[in-house]
Amino acid sequence: MKITLVAVGKIKEKYIRDAVAEYSKRLSRYCRLEILETADEKTPEDAGRAEEKSIREKEGKRILKLIREDAYVITLEIEGRMPDSIELADKIEKLGIRGVSHIIFIIGGSIGLSEEVRARSDYALSFSKLTFPHQLMRVILLEQIYRSFRIIQGEPYHK
């Protein structure tokens, strides 16, 4: 199975880059992982709704260019479903059984995803009602994907 992580913005902090690299290495036993970054737009502190919508649309167009037509798309959205780790593993396993060979996870920018990206999503996933820095969310997502594959394989994982 191929897993692609599409994320808006670059990771600036070394400790986050190191954590992403660690989980990328661990995941290489279970899947082909690809991480794609797309540029983020600067959001002024006093941005109004119209300006924020425009920013999401610009970022969204860049995201959509990275999505393959045959991929199953999972967007990270605060209003998405909140499965536990076993349920997420079950979701990934069932997709594989159905013949899905490519899953794309999308992490938007600091003000979220455009309506066009959300419309393309096959499944909206949420980790919490809390807001996390989108750079840190990459590590959290990769850890959960890794945990999912360990569960699927019947290997021990920390509960």
Side-chain angles (χ1 to χ4, degrees), residues 1-45 47 51-52 54-68 71-89 91-92 95 102-114 116-118 120-153 155-159:
M1 177 174 282
K2 181 175 183 180
I3 302 287
T4 300
L5 170 57
V6 174
V8 173
K10 297 226 180 275
I11 295 178
K12 297 172 184 82
E13 295 86 357
K14 182 183 181 317
Y15 72 95
I16 294 178
R17 284 195 310 270
D18 290 346
V20 167
E22 176 62 28
Y23 281 107
S24 296
K25 184 175 89 176
R26 291 182 187 191
L27 277 165
S28 67
R29 289 184 51 206
Y30 304 102
C31 66
R32 289 179 298 129
L33 177 67
E34 173 183 45
I35 299 175
L36 303 174
E37 295 178 332
T38 185
D40 58 344
E41 295 288 319
K42 295 289 181 204
T43 305
E45 289 282 328
E51 189 172 9
E52 286 186 354
S54 173
I55 289 167
R56 281 192 297 273
E57 287 172 355
K58 288 176 187 173
E59 291 175 347
K61 285 179 183 172
R62 290 194 285 267
I63 290 169
L64 290 170
K65 286 180 184 175
L66 299 173
I67 297 175
R68 291 191 37 157
Y72 188 90
V73 176
I74 298 177
T75 47
L76 273 63
E77 302 181 39
I78 205 160
E79 297 300 325
R81 293 183 189 102
M82 281 193 270
D84 62 26
S85 294
I86 293 171
E87 291 167 334
L88 181 60
K91 174 83 175 162
I92 291 171
L95 287 170
H102 190 186
I103 301 173
I104 298 177
F105 288 88
I106 299 175
I107 300 174
S110 60
I111 58 171
L113 296 167
S114 70
E116 294 80 9
V117 172
R118 292 174 66 181
R120 174 57 183 89
S121 177
D122 296 301
Y123 184 85
L125 173 65
S126 176
F127 284 94
S128 171
K129 294 282 184 200
L130 299 171
T131 302
F132 295 100
H134 59 281
Q135 293 181 358
L136 184 58
M137 203 60 227
R138 293 186 207 190
V139 177
I140 296 168
L141 174 61
L142 289 172
E143 189 281 332
Q144 284 299 306
I145 295 169
Y146 171 70
R147 184 180 298 263
S148 291
F149 279 110
R150 300 234 352 141
I151 292 168
I152 291 165
Q153 296 298 319
E155 297 171 354
Y157 67 97
H158 189 272
K159 293 184 181 183

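For the single chain, residues carry numbers from 1 onward in sequence order. Predicted model only: the values in this text are computed from it and were never measured.
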Test salt bridge (charged side-chain N to carboxylate O under 4.0 Å, His left out) applied to R62 and E41, E57, E116, the passing residue: E41
Heavy-atom pair with the smallest gap, counting every atom of H134 and V8: CD2-O, 3.4 Å
What are the two closest heavy atoms between E87 and P83, and how far apart are they? OE1-CA, 3.1 Å
Between R56 and S114 the two heavy atoms that sit nearest each other are O-CB, 3.3 Å
To the nearest 0.5 Å, what is the distance between OH (Y146) and CD1 (I3)? 15.0 Å
How long is the straight-line distance from CG of L136 back to OH of Y15, given to the nearest 0.5 Å? 6.5 Å
Do R138 and I16 have side chains that approach each other closer than 4.5 Å (heavy atoms only, starting at C-beta)? no
Pairwise distance CD1(I103) to CG(L95) - rounded to 0.5 angstrom: 4.5 Å
Holding to ring-ring contact (aromatic ring centres under 6.0 Å, His included), I want the full list of residues that pass it with F149, two or more places apart in sequence or in another chain. Y30
E59 versus A39, closest heavy-atom pair with distance: CG-O, 4.2 Å
Distance in Å, C31 SG paired with I145 CD1, rounded so as to fall on 0.5 Å steps: 7.5 Å
Return the set of residues passing side-chain hydrogen bond (donor to acceptor under 3.5 Å, both in side chains) with K2 (not counting sequence neighbours), or none when no residue passes. E34
Just checking, any donor-acceptor pair under 3.5 angstrom between side chains of S85 and Q144? yes
Are the side chain of Q135 and the backbone N or O of K10 linked by a donor-acceptor pair below 3.5 Å? yes
Is there a side-chain contact between L5 and V20, using heavy atoms and a 4.5 Å cut-off? no
For a quick test of reading the model, state the closest non-hydrogen atom pair linking L113 to G108 and the distance between them. CD2-CA, 3.4 Å
Are any non-hydrogen side-chain atoms of R150 and R29 less than 4.5 angstrom apart? yes
Say you draw a straight line from CD of E77 to CZ of R118; how long is it, rounded to the nearest 0.5 Å? 4.5 Å
Are I55 and S110 side-chain neighbours, meaning at least one heavy-atom pair lies under 4.5 Å? no
Salt-bridge contact R120-D122 (side-chain N to carboxylate O under 4.0 Å): yes
Distance check, rounded to the nearest 0.5 Å: I67 atom CD1 versus S121 atom OG? 8.5 Å
Heavy atoms, side chains only, cut-off 4.5 Å: are I35 and L142 in contact? yes
Minimum heavy-atom separation for K129 to I78, with atom names? O-CD1, 3.2 Å
Please answer whether the main-chain N or O of S126 pairs with a side-chain N or O of R81 as donor and acceptor at a distance below 3.5 Å. no
